[in-house]
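Just so we're clear, the structure is a prediction, and the values are computed from it rather than from any experiment.
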Amino acid sequence: MSEQEIEKTFPNLLVSGYLITSPATPEYNCIAWAANDTDVWWEPDLLNLSFWPSGIPRIYSLDAYIKAYERLDYAICNTDDYEDGFEKIAIYVDLNKQPTHASRQLDSGKWTSKLGQLEDIEHNSLDGLAEYGTIAVIMKRKI
């Protein structure tokens with residue numbers, strides 16, 4: 001996706017700022033990227049075509065996504081503010097409260113996201129990807 005296409009799809013990125021950090025790839029998605037996994041696509045599909053942590057319900061629900069990240073030692077927290085010694089993720093949901101996207105906070109305090117099968121980006125604000133919906137939960141783990 002070109003910068004023009006990204007900016008057309010996510011116009012708030014023009015305001016908040018972003019940088020493309022890798023080329024497009026279908027190997028992994030935003031849910032995997034937030035978990036630091038670039039080897040497989042994470043999705044709770046019922047046909048078991050994608051990776052999903054064992055023992056976590058294969059349903060498209062916020063609770064299932066939270067449980068998947070809890071398996072990686074993330075816990076729900078109250079703020080997206082940068083905290084030294086912690087890694088944070090943000091889970092977005094649509095109007096039906098279905099997960100649509102996840103972002104991971106970088107050491108700089110900025111955020112990183114994988115745009116579906118497209119590029120990874122670094123973005124200054126979670127608001128830059130408002131087209132994915134609203135932030136339902138912030139989680140963190142010690143690093």
Side-chain angles (χ1 to χ4, degrees), residues 1-77 80 82-143:
M1 182 180 267
S2 70
E3 287 182 13
Q4 294 81 13
E5 291 172 295
I6 290 172
E7 292 164 7
K8 183 178 178 184
T9 304
F10 304 102
N12 288 348
L13 287 175
L14 283 170
V15 176
S16 63
Y18 79 101
L19 174 69
I20 296 172
T21 56
S22 73
T25 177
E27 298 301 316
Y28 58 95
N29 62 353
C30 62
I31 306 305
W33 181 244
N36 285 295
D37 188 345
T38 58
D39 293 328
V40 294
W41 189 278
W42 283 42
E43 188 171 352
D45 63 288
L46 296 176
L47 298 176
N48 296 318
L49 299 174
S50 301
F51 172 79
W52 195 244
S54 65
I56 305 299
R58 280 187 167 269
I59 55 174
Y60 294 94
S61 73
L62 181 58
D63 188 55
Y65 281 62
I66 289 170
K67 285 180 178 8
Y69 287 118
E70 285 175 340
R71 193 60 72 74
L72 299 173
D73 296 324
Y74 283 95
I76 294 174
C77 68
D80 64 357
Y82 177 77
E83 293 180 60
D84 193 37
F86 289 91
E87 182 175 65
K88 293 188 176 183
I89 59 169
I91 302 174
Y92 293 71
V93 295
D94 64 17
L95 292 174
N96 296 317
K97 304 298 182 199
Q98 298 294 304
T100 57
H101 184 70
S103 294
R104 176 172 32 93
Q105 194 173 45
L106 300 168
D107 290 341
S108 65
K110 294 181 180 184
W111 294 84
T112 182
S113 290
K114 172 81 161 88
L115 303 177
Q117 293 186 13
L118 305 172
E119 293 90 351
D120 302 331
I121 63 167
E122 179 181 296
H123 47 107
N124 297 327
S125 164
L126 292 172
D127 296 336
L129 299 175
E131 288 70 22
Y132 280 121
T134 59
I135 305 299
V137 67
I138 303 291
M139 302 180 78
K140 70 179 182 180
R141 70 176 175 185
K142 272 188 110 44
I143 50 173

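No side-chain donor-acceptor contact under 3.5 Å links H123 and S16. Y28 and D120 are linked by a side-chain donor-acceptor pair at a separation below 3.5 angstrom, with hydrogens and angles left out of the test.
Rounding to the nearest 0.5 Å places CZ of F10 at 10.5 Å from CG of N12. A distance of 7.0 Å separates OG of S61 from CD of Q98, quoted to the nearest 0.5 Å. To the nearest 0.5 Å, the span separating CD1 on I143 from CG on N36 amounts to 9.5 Å. Put simply, CG on L13 and CG on N124 are 9.0 Å apart, with the number rounded to the nearest 0.5 Å. One finds the CD atom of E122 at 10.5 Å from the OG atom of S113 (value rounded to the nearest 0.5 Å). Considering CD1 of I6 and CD of E119, their distance stands at 4.5 Å, rounded to 0.5 Å.
Side-chain atoms of F86 and K142, non-hydrogen and from C-beta on, do get closer than 4.5 Å to each other. Put simply, the side chain of I91 reaches to within 4.5 Å of the side chain of Y69, judged on heavy atoms. The side-chain heavy atoms of I56 and E70, taken from C-beta on, include no pair separated by under 4.5 Å. Under the 4.5 Å side-chain criterion, counting only non-hydrogen atoms from C-beta, K88 is in contact with W111. Using a 4.5 Å heavy-atom threshold, the side chains of L115 and L129 count as touching.
The distance between the ring centers of W52 and Y65 falls below 6.0 angstrom.
Contacts of K67 classified as side-chain hydrogen bond (donor to acceptor under 3.5 Å, both in side chains), with partners at least two apart in sequence or in another chain: D63. Residues forming a side-chain hydrogen bond (donor to acceptor under 3.5 Å, both in side chains) with D107 (at least two apart in sequence, or on another chain): none. Scanning for side-chain hydrogen bond (donor to acceptor under 3.5 Å, both in side chains) contacts around D37 gives W42, with sequence neighbours left out.
Counted within 6.0 Å of CG on L95, heavy atoms from surrounding residues, nucleotides or ligands total 12 or fewer; the atom is thus considered open.
The backbone N or O of W33 lies less than 3.5 Å from a partner atom in the side chain of R104, making a donor-acceptor pair. Judged purely by atom type and a 3.5 angstrom limit, K114 uses its side chain to pair as donor or acceptor with the backbone of T25. For the pair R71 (side chain) and S54 (backbone), a donor-acceptor distance under 3.5 Å is present. Judged purely by atom type and a 3.5 angstrom limit, R58 uses its side chain to pair as donor or acceptor with the backbone of D45.
The side-chain tip of K140 does not point at the ring of Y74 from less than 6.0 angstrom away and within 45° of straight on.
When every heavy atom of A35 is checked against every heavy atom of L72, the shortest pair comes out as CB-CD1, 3.5 Å. Across every non-hydrogen atom of E3 and I20, the tightest pair is CG-CD1, 3.7 Å.
When the options L126, D94, T100 are evaluated for a side chain to side chain contact (heavy atoms under 4.5 Å, CB included) with Y132, the one that passes is T100.
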*Test Y92 against S103 for side chain to side chain contact (heavy atoms under 4.5 Å, CB included), laying out the working first.*
CA-CA 8 Å; Y92 293 71; S103 294; 3.6 Å; yes
